[in-house]
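The structure appears right after this line, and notes come after that.
Here is the naming used below: chain letters follow the sequence lines, and residue numbers restart at 1 for every chain. Not measured: the values here are computed from a predicted model.
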There are 2 protein chains.
Amino acid sequence: MKSPATPPKKITIYDVARAAGVGTTTVSRVLNNDPAVKPQTRDSVLATITALGYRPNIAARSTGGGKSRWIALLYQNPVIHYIHPIQQGAIDRCRDADHMLSVHSCQNTGQALIDEVLDIVDQLQPSGVVLTLPLSISPKLIQALRERQVSLVRVAPAGLNDPAARVYFDERSAGAAMTRALIAQGHRRIGFLAGLPEGHPQPDERRQGFADAMLEAGLKVPAAHMSCGSFHFDEALAPLRTMLSRKQPPTAIFCANDDMAAAALQVAAELNLAVPRDLSVVGFDDSYIARIVTPRLTTIRQPLHEMGWEAVDMILRGQATPDMGYQRVLPYQLVEGRSTAGLPAEG
Amino acid sequence: MKSPATPPKKITIYDVARAAGVGTTTVSRVLNNDPAVKPQTRDSVLATITALGYRPNIAARSTGGGKSRWIALLYQNPVIHYIHPIQQGAIDRCRDADHMLSVHSCQNTGQALIDEVLDIVDQLQPSGVVLTLPLSISPKLIQALRERQVSLVRVAPAGLNDPAARVYFDERSAGAAMTRALIAQGHRRIGFLAGLPEGHPQPDERRQGFADAMLEAGLKVPAAHMSCGSFHFDEALAPLRTMLSRKQPPTAIFCANDDMAAAALQVAAELNLAVPRDLSVVGFDDSYIARIVTPRLTTIRQPLHEMGWEAVDMILRGQATPDMGYQRVLPYQLVEGRSTAGLPAEG
DNA sequence: GTGAAAGCGCTAACAG
DNA sequence: CTGTTAGCGCTTTCAC
């Protein structure tokens, strides 16, 4: 019940400087962990900061010579389970670095998208930008950002012909590993539901991994067993219905993300196919979805939280400047759920 | 292939003023839609702004007398399907208002939480703060924020004894409506899995709605048919197993959110109960989860996106100042999925 | 209607 | 090691 009407008298760096008997520069140095401050002075300043409850204004810090303490996270039409852990990782890294995260959901495409992003960048002047799929594989966007000289990290499976910093994991070998696991269980007719449409300019790593393993096992994939669901549950239903209601349907289906695998479970139910008895279903990402559907999905664990964390970390460490091409590769893991089963040993 | 090494010469309000032959004040007025600018002048300024590709620096705008153009969205240990649409709604409203959204995931509890939030508020000086569950029902936090004189909106079902602005929908009557629908289908033994634990200081509106409808129908609810899953899939499994494996299990179970309903589907499968034949399952929220599990859940559609949108809107309209108690009530809707079925007419 | 000038709170040379 | 002094880019009185 403290004076409820107290005007929120903002306390500034001047107040701290005066109270501590030092100049504002010194306070600023302490704030920025400048090692060139005598420990004794530092402690004294720190003490008054605490005593006064002082908190530096982030906007003022960004003006003048100061570097902005903002990280921008950009996404577009996101698969929620993909973007949220990344965001969380980014927030976690920001917190420990006295930075804040500004999240933007882009709306446009083509030149309008570029303008939209430049608008954000120019207004915010962030320390760096984290680009997630599908923004992270747009060469024009990357190029525009490079011209603006902004640090950026792409969270993206596939490299582009440019040196932008990137965090990723080897989706191609993960896709192959998953496919091999199905083959080892006795599956021969394996369907694949891609996320990226056939003619997409970017290489589809997941699908390539699938193709690698099938080829290596000498298995053919009829065209009818390949389709695309654009990574979204709703859009996956129709192609799945088509694929699974053919005369000779696959005994296993590999979906390029968990959302589409959830759709496969639904379609299987519609067609009275028991999973995994009649049909094995595997996903990709080990997102929240994979854990809560019944049966729990066999999938590839993608370290999304770490990816967000690492992306921001690269920015903070200066490994994401326009002239740098740092890359960080993270490990993946095959997670065995209950959506897959071996095939009875026959032909 | 424009001069790739061009230093990103920032263009400022001075550049615009000079090019347009006006003072910086006028440019500022145009930027802020001050009606006191002659239309002709405005157009001319707007034209040069476009021509120069000028974008005001948000940090500089926040200093001095300027009002911050930031909205802070705070959450803690979120149910991802609850928080993401709210965030999206908030972003959408911000975009149209020349504001930006800063997202924060709080870590602490008790006094540390309050310090954490005050830290954010003092550093960012946002135009307003959006508090989501469970932060939005913490009286101490609300009180601390009020002392700081910050605008805030609570996204919260239950009112507190304070006049903080709030956006919500009537969870109690929604819970009752859902329960009545089950009763109308012939169910008599209906279980309830709450999100909030029994002794929680905040009223549990969903559970109350359930109780209302059961009472009104003259139905008893044995203690064994009431439990709590804390809104999270993982935590819901154990209580569901207990409840559903009793001798006389409920024929329908009402889960306080969709994530827990997904858990009910899983437990039902474990126990060889077919849904909805042997057990009807209903959720709450109509989140993404409800739409992608099999069978699709019967649930209550909560307008989460709108809630985020409205929350920011209230801040922008000045309806969320510490002395105001505006409330906005949004409609809900019962969504019929495939997880419920009527009971054969017997006793 | 419009402009000149004074900040906003902080960081960054540049001295000492 | 520390303080003085300019700004940073914008908004806002207060005049005209």
Between B:S105 and B:Q76, a side-chain donor and acceptor under 3.5 Å: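 The criterion, which ignores hydrogens and geometry beyond distance, is not satisfied for B:Q76 and B:S105.
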A:Q123 versus B:R61, side-chain donor and acceptor atoms under 3.5 Å: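 Not at all, the side chains of B:R61 and A:Q123 share no donor-acceptor pair under 3.5 Å.
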Close approaches to DNA chain C from residues 313-321 of chain A, in residue order (heavy atom, under 4.0 Å):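 Contacting residues: none.
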Within residues 30-44 of chain A: residues closer than 4.0 Å to DNA chain C (heavy atoms):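 Residues of residues 30-44 of chain A under 4.0 Å from DNA chain C: A:N32.
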A:V312/A:V153 under side-chain contact (heavy atoms from CB on, under 4.5 Å): CA gap, chis, key distance, verdict: CA-CA 8 Å; A:V312 173; A:V153 177; over 6 Å; no
Presence of salt bridge, B:D122 and B:R148, under 4.0 angstrom: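 Answer for the salt bridge query: yes.
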Residues A:R146 and A:D323 bridged, charged N to O under 4.0 Å: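 Between A:D323 and A:R146 there is no salt bridge, as every charged N stays at least 4.0 Å from the carboxylate O atoms.
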Rounded distance (Å) that lies between atom [atom2] of [N] and atom [atom1] of [X]:
{"X": "B:R29", "N": "D:dT11", "atom1": "CZ", "atom2": "C1'", "value": "10 Å"}
{"X": "A:R69", "N": "C:dG9", "atom1": "CZ", "atom2": "C1'", "value": "13 Å"}
{"X": "A:D15", "N": "C:dC8", "atom1": "CG", "atom2": "P", "value": "11 Å"}
{"X": "A:W70", "N": "C:dC10", "atom1": "CH2", "atom2": "P", "value": "15 Å"}

Sub-3.5 Å pairs of nitrogen or oxygen atoms, protein against nucleotides 5-9 of chain D:
{"from": "D:dC8", "atom 1": "O4'", "to": "A:G64", "atom 2": "N", "distance (Å)": "3.4"}
{"from": "D:dC8", "atom 1": "O2", "to": "A:T63", "atom 2": "OG1", "distance (Å)": "2.8"}
{"from": "D:dC8", "atom 1": "O2", "to": "A:G64", "atom 2": "N", "distance (Å)": "2.7"}
{"from": "D:dG9", "atom 1": "N2", "to": "B:T63", "atom 2": "OG1", "distance (Å)": "2.3"}

A:S28 vs C:dC10: side-chain N/O to OP1/OP2 distance below 4.0 Å: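 False: A:S28 side-chain N/O out of range (4.0 Å or more) of C:dC10 OP1/OP2.
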Any B:K67 side-chain N or O less than 4.0 Å from OP1/OP2 of D:dT12: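 For B:K67, the contact criterion (side-chain N or O under 4.0 Å from OP1 or OP2 of D:dT12) is met.
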Between OH on residue B:Y54 and CG on residue B:L31, distance to nearest 0.5 Å: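 Between B:Y54 OH and B:L31 CG, I get 5.0 Å after rounding to 0.5 Å.
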Interatomic spacing from CZ in A:R154 to CG in A:L131 - rounded to 0.5 Å: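 If I round to the nearest 0.5 Å, the distance is 8.5 Å.
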B:Q111 atom CD, neighbour heavy-atom count above 12 within 6.0 Å: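 Atom CD in B:Q111 is crowded, with more than 12 foreign heavy atoms closer than 6.0 Å.
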For B:D98, the option from B:R93, B:R69, B:R55 that meets salt bridge (charged side-chain N to carboxylate O under 4.0 Å, His left out):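 Only match with B:D98 under salt bridge (charged side-chain N to carboxylate O under 4.0 Å, His left out): B:R69.
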Sugar-phosphate, base or nothing in reach of B:V27, heavy atoms under 4.0 Å: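 Touches nothing.
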Mutual orientation of the aromatic rings belonging to A:H84 and B:H84 [parallel < 30°, tilted 30-60°, perpendicular > 60°]: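 Perpendicular: the ring planes of A:H84 and B:H84 meet at over 60°.
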side-chain contact (heavy atoms from CB on, under 4.5 Å) between B:V103 and B:Y75, intermediate numbers included: CA-CA 8 Å; B:V103 180; B:Y75 59 73; 3.4 Å; yes
